Structures are given as C-alpha cells and as structure tokens.
Asks: 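One structure coming up, written as structure tokens, with questions to follow.
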Amino acid sequence: MPYSVAVSGASGYAGGEILRILSAHPDVEIRTVTAHSNAGTPLISQQPHLRSLAHLELQPTTPDVLAGHDIVVLALPHGQSGQYTDALADVPLVIDAGADHRLTSADAWAAFYGGDFHEAWTYGVPELLVDGVKQRERLVGTSRIAAPGCNASTVSLSLAPGVAAGVIDPGDIVSVLAVGPSGAGKSLKPNLLASEILGTANPYAVGGTHRHIPEIQQALVGAGARGDVRISFTPVIVPMSRGILATSTAPIAPGVSDTEIRDAWEAAYGDETFVQLLPEGTFPRTADVLGANTALLGLAIDRAANRVVVVAAVDNLVKGTAGAAVQSMNIALGLPEHRALTVNGVAP
C-alpha cells in the first residue's frame, strides 16, 4: 500500500514543486491538496503544469482535512505551519517546508521572525556535516522534518566541510547570492513584478537582516565551528525564475595547505549523489541544476586574499526546498534516498 499524502499550500511554488516530485514517486499517493484563498478551485487551475493531478480539488487548510494521512507536508509561509503541530500529533510523518521548526534558538526566532516559537524538528539536509557525521543519520526513522531554507542550506553545504575540517575561519564569512524570485513565494508583491526585475539586479535584506542568517549559523556551529560564526550575507534578486548562485568566501586557517583544503570538500562529498564538487578550476551555473536535486560546488583557493571561495548552484525549489523534503522523507521512511529525485537538469 502506498503512503497517503496531504500537501498544504498546494497552490504555491514550494507546494507545487513538492507535488511535481511526489507525482512520480511510486511509494506515495497524493490524496489531498489544500490552500487558503484558492480553496474550492481545481488544483490544475493553479498549477496547470501538473496534468497528472488534474483530478484533485484544493480543500481548505484545516487540521481535520490534513489529519488521517500517513504523511502531511506543510508548504506554508513562516509563522503559519506551527499552528497545526499539535493537531497533527497522530500523523506518522509531518514535513514542514516553512521556517517554523528550523531554529533551535528562541532568541534567534524572535530577532529574525517574531511571533510564537516552536520546537526544532529534524533538519532536512541529509549531506550536512553535524558533529562529525552526516545529518541523514538523524533523519532515519524521524517523524518530524524541517525542510531547509534554500539560501541557508546552499551556504551551509558550501562551507560546512571547511568548518568541520578546521581549514577555514568561520568568524569572517562573506556570502553573496544571486537568487530567482520564486524563492519569495507566489503572493503578489510589486517589487517582484516582471517589469521591476527584468533587466536589473536588486539587492534585498542587506546588512545582516535576512532571516536565513541564524539558520546558517546554527548549521555551521553544528558542523564544528570554533568560536563565533559571523557572516555578511547579501542576496540579490536576478531575472531568472529559479535558481541560486551563491559565492561564499572565508579566511584560510593558519598553516593549512591547498591540498588539505580541497581534501576537506572531497572527503565530505566524494560519495554523495546530490552534492557534487566539480573538478578543480570548474564552476557551476544555475542552468546546470534546473529541475534537479543537485547542488554543484566549485572551489577556488585565493592565496592573495588568503580566502577559500566556494561557488554553489542549486535550484531553489528542488534541492533548496521540495527535493530536500522528499529526499529527507525517503530516508525517514527507509526508502531509497534517491527515489523520485534526479541529478539531471533541464536544458537549454
């Protein structure tokens, strides 16, 4: 019998991408889809690319509608999914694709999000180094998963190997990201209109205000950061619907050789399917990962500036959100980790 699934926020970008991936998953049955303002309309009217799910109608997002499934995926804006936690206590597996269950610090939540704080769930980045092991070990058999913030997991995966190996100094990280506007969700926002973003690059959340900063700090502390994790984080919206290209740099630790630096990333990701370190001198493009559950990393050693440079490319809706959720779901359920996921992108 396949696992029955309900997906909330099914009319949004993250919810739609979760549905796209799960529609090809042989071990699940998408039984229920829910929304707020779009409730009562056919799913196909909101997600016209999901032709195989044309029989589904969007229902109201209520605990009663979501309960009674084997798996519930909450693809809601931050501050909205936490209200369902208690009501879904009997659901065997709940996955939150929002921010409500990512942070372990109530102070960090209050500073960057505000509102009610909810306990942290198992973080859904399987390849992330935490206390010397991969996060996938914690995902095995878990019943509650917090899917990552797309920018946060991209930067964390970029730098965690260097932090864990002690070859970089996490006290002076600089990350600049080119991001597609789909990461901001589907709600109408004047600054995300095509006429506002086509032909221009627009920085936002500048000066340490982006909500993914504490999530990155939390991940890198878990990876073994010695001392404070300080990061200057600047995202820039660029005119591509999907994708993140994150350039992250950090000082090289004293006495570390070039070989030791590259070996840290090779050791971390050499056996991974979905996080791949490119050959020396090669750097990724966002075009290479569209539609794929892959994070591609290029590594450079800038001795003149005494910094390691990591360039990472991900599809923010796949490896950044929905793919990470499904990958973590597979691990939690004891299914093959790659089930319904691909490393192949779409070109041109």
Side-chain angles (χ1 to χ4, degrees), residues 7 9-28 30 33 43-54 73 75 97 124-127 147-151 153-155 157-158 177-186 192 194 197-199 201 235-247 269 272-279 282-298 311-330 336-348:
V7 176
S11 59
Y13 287 136
E17 194 68 4
I18 289 165
L19 290 170
R20 184 182 73 85
I21 295 171
L22 290 181
S23 67
H25 199 302
D27 299 301
V28 307
I30 301 169
V33 291
L43 174 67
I44 201 72
S45 69
Q46 306 299 323
Q47 306 284 12
H49 61 298
L50 299 178
R51 308 310 299 178
S52 67
L53 302 178
V73 184
V125 184
E127 302 90 352
C150 53
N151 297 313
S153 61
T154 304
V155 174
L157 288 169
S158 296
L177 299 83
V179 302
S182 59
K186 206 172 185 179
L192 299 180
I197 66 170
L198 292 178
V236 181
I237 290 180
V238 297
M240 58 184 182
S241 60
R242 292 173 177 246
I244 298 172
L245 189 73
T247 302
Y269 300 135
E272 292 291 349
T273 299
F274 295 118
V275 181
Q276 301 179 15
L277 179 65
L278 299 179
T282 305
F283 298 92
R285 311 173 304 167
T286 56
D288 302 329
V289 296
L290 295 184
N293 192 51
T294 355
L296 298 182
L297 309 181
V311 181
V314 305
D315 183 324
N316 58 296
L317 293 178
V318 188
K319 185 58 175 168
T321 306
V326 173
Q327 185 182 348
S328 299
M329 179 197 79
N330 287 337
E337 187 171 331
H338 64 276
R339 186 68 55 86
L341 299 168
T342 181
V343 296
N344 296 325
V346 177

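This structure is a prediction, so every number in the text was calculated from the model and none was measured.
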Asks: Would you check if the side chain of Y269 reaches a backbone N or O of L157 as a donor-acceptor pair within less than 3.5 Å?
Replies: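 Checking the backbone N and O of L157 against the side chain of Y269, a donor-acceptor pair under 3.5 Å is found.
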
Asks: Once salt bridge (charged side-chain N to carboxylate O under 4.0 Å, His left out) is applied, do any residues pair with E272, and if so which ones, sequence neighbours excluded?
Replies: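 K134, R136.
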
Asks: Taking the side chain as C-beta and beyond, is there a heavy-atom pair between N316 and V179 under 4.5 Å?
Replies: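 Answer no - side chains too far apart.
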
Asks: Backbone N or O of R20 within a donor-acceptor pair of the S23 side chain at under 3.5 Å?
Replies: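 Confirmed, S23 side chain pairs with R20 backbone.
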
Asks: For the residue pair G12 and K186, what are the closest heavy atoms and their distance?
Replies: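 Between these two residues, the closest heavy atoms are CA-CD, 4.0 Å.
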
Asks: Write down the atom of T321, the atom of A97, and the distance for their closest heavy-atom approach.
Replies: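 Between these two residues, the closest heavy atoms are CG2-CB, 4.3 Å.
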
Asks: Does the side chain of H25 pick up a donor-acceptor pair with the side chain of N330 at under 3.5 Å?
Replies: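 Their side chains do contain a donor-acceptor pair, which is all the 3.5 Å distance test asks for.
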
Asks: Would you say T342's side chain and N344's backbone share a donor-acceptor pair under 3.5 angstrom?
Replies: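 Checking the backbone N and O of N344 against the side chain of T342, a donor-acceptor pair under 3.5 Å is found.
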
Asks: What is the minimum heavy-atom distance between L22 and V28, and which atoms define it?
Replies: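 Here L22 and V28 meet closest at O-CG2, 3.6 Å.
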
Asks: Between the side chain of T286 and the main-chain N/O of L245, is any donor-acceptor distance below 3.5 Å?
Replies: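 No: the side chain of T286 does not pair with the backbone of L245.
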
Asks: With side-chain contact (heavy atoms from CB on, under 4.5 Å) as the test, pick out the partner of K319 among L341, N293, I244.
Replies: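 Only match with K319 under side-chain contact (heavy atoms from CB on, under 4.5 Å): N293.
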
Asks: Rounded to the nearest 0.5 Å, how far does CG of L198 lie from CE of M240?
Replies: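 One gets 13.0 Å once the value is rounded to the nearest 0.5 Å.
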
Asks: Step by step, would you call H338 with V343 a side-chain contact (heavy atoms from CB on, under 4.5 Å)?
Replies: CA-CA 9 Å; H338 64 276; V343 296; over 6 Å; no

Asks: So, for P148 and G124, which heavy atoms are closest and what is the spacing to 0.1 Å?
Replies: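 Looking at all heavy atoms of both residues, the closest pair is CD-O, 3.6 Å.
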
Asks: Run the side-chain contact (heavy atoms from CB on, under 4.5 Å) check on T273 and E337 step by step: do they pass?
Replies: CA-CA 10 Å; T273 299; E337 187 171 331; over 6 Å; no

Asks: Say you draw a straight line from CG of L53 to CD1 of I30; how long is it, rounded to the nearest 0.5 Å?
Replies: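 L53 CG to I30 CD1: 4.5 Å, rounded to 0.5 Å.
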
Asks: What verdict does the side-chain contact (heavy atoms from CB on, under 4.5 Å) test give for V73 and M329, after you've listed the backbone C-alpha separation in whole Å, the side-chain angles of each residue and the deciding distance to 0.1 Å?
Replies: CA-CA 10 Å; V73 184; M329 179 197 79; 5.9 Å; no

Asks: Counting N and O atoms only, with roles assigned by atom type, does the side chain of D315 sit under 3.5 Å from a partner on the main chain of A292, one being a donor and the other an acceptor?
Replies: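 Such a contact is absent between D315 side chain and A292 backbone.
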
Asks: Please round to the nearest 0.5 Å and tell me the distance separating atom CG of L290 and atom CZ of R242.
Replies: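 Output value for this atom pair is 7.0 Å.
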
Asks: Taking the side chain from Q47 and the backbone from A10, do they hold a donor-acceptor pair closer than 3.5 Å?
Replies: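 Yes; judged by distance alone, with no hydrogens or angles, the pair exists.
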
Asks: Is the shortest side-chain heavy-atom distance between V318 and I21 below 4.5 Å?
Replies: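 Side chain of V318 against side chain of I21, heavy atoms only: contact under 4.5 Å found.
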
Asks: Check whether any side-chain heavy atom of P284 lies under 4.5 Å from a side-chain heavy atom of L278, and answer yes or no.
Replies: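 P284 vs L278: side chains touch.
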
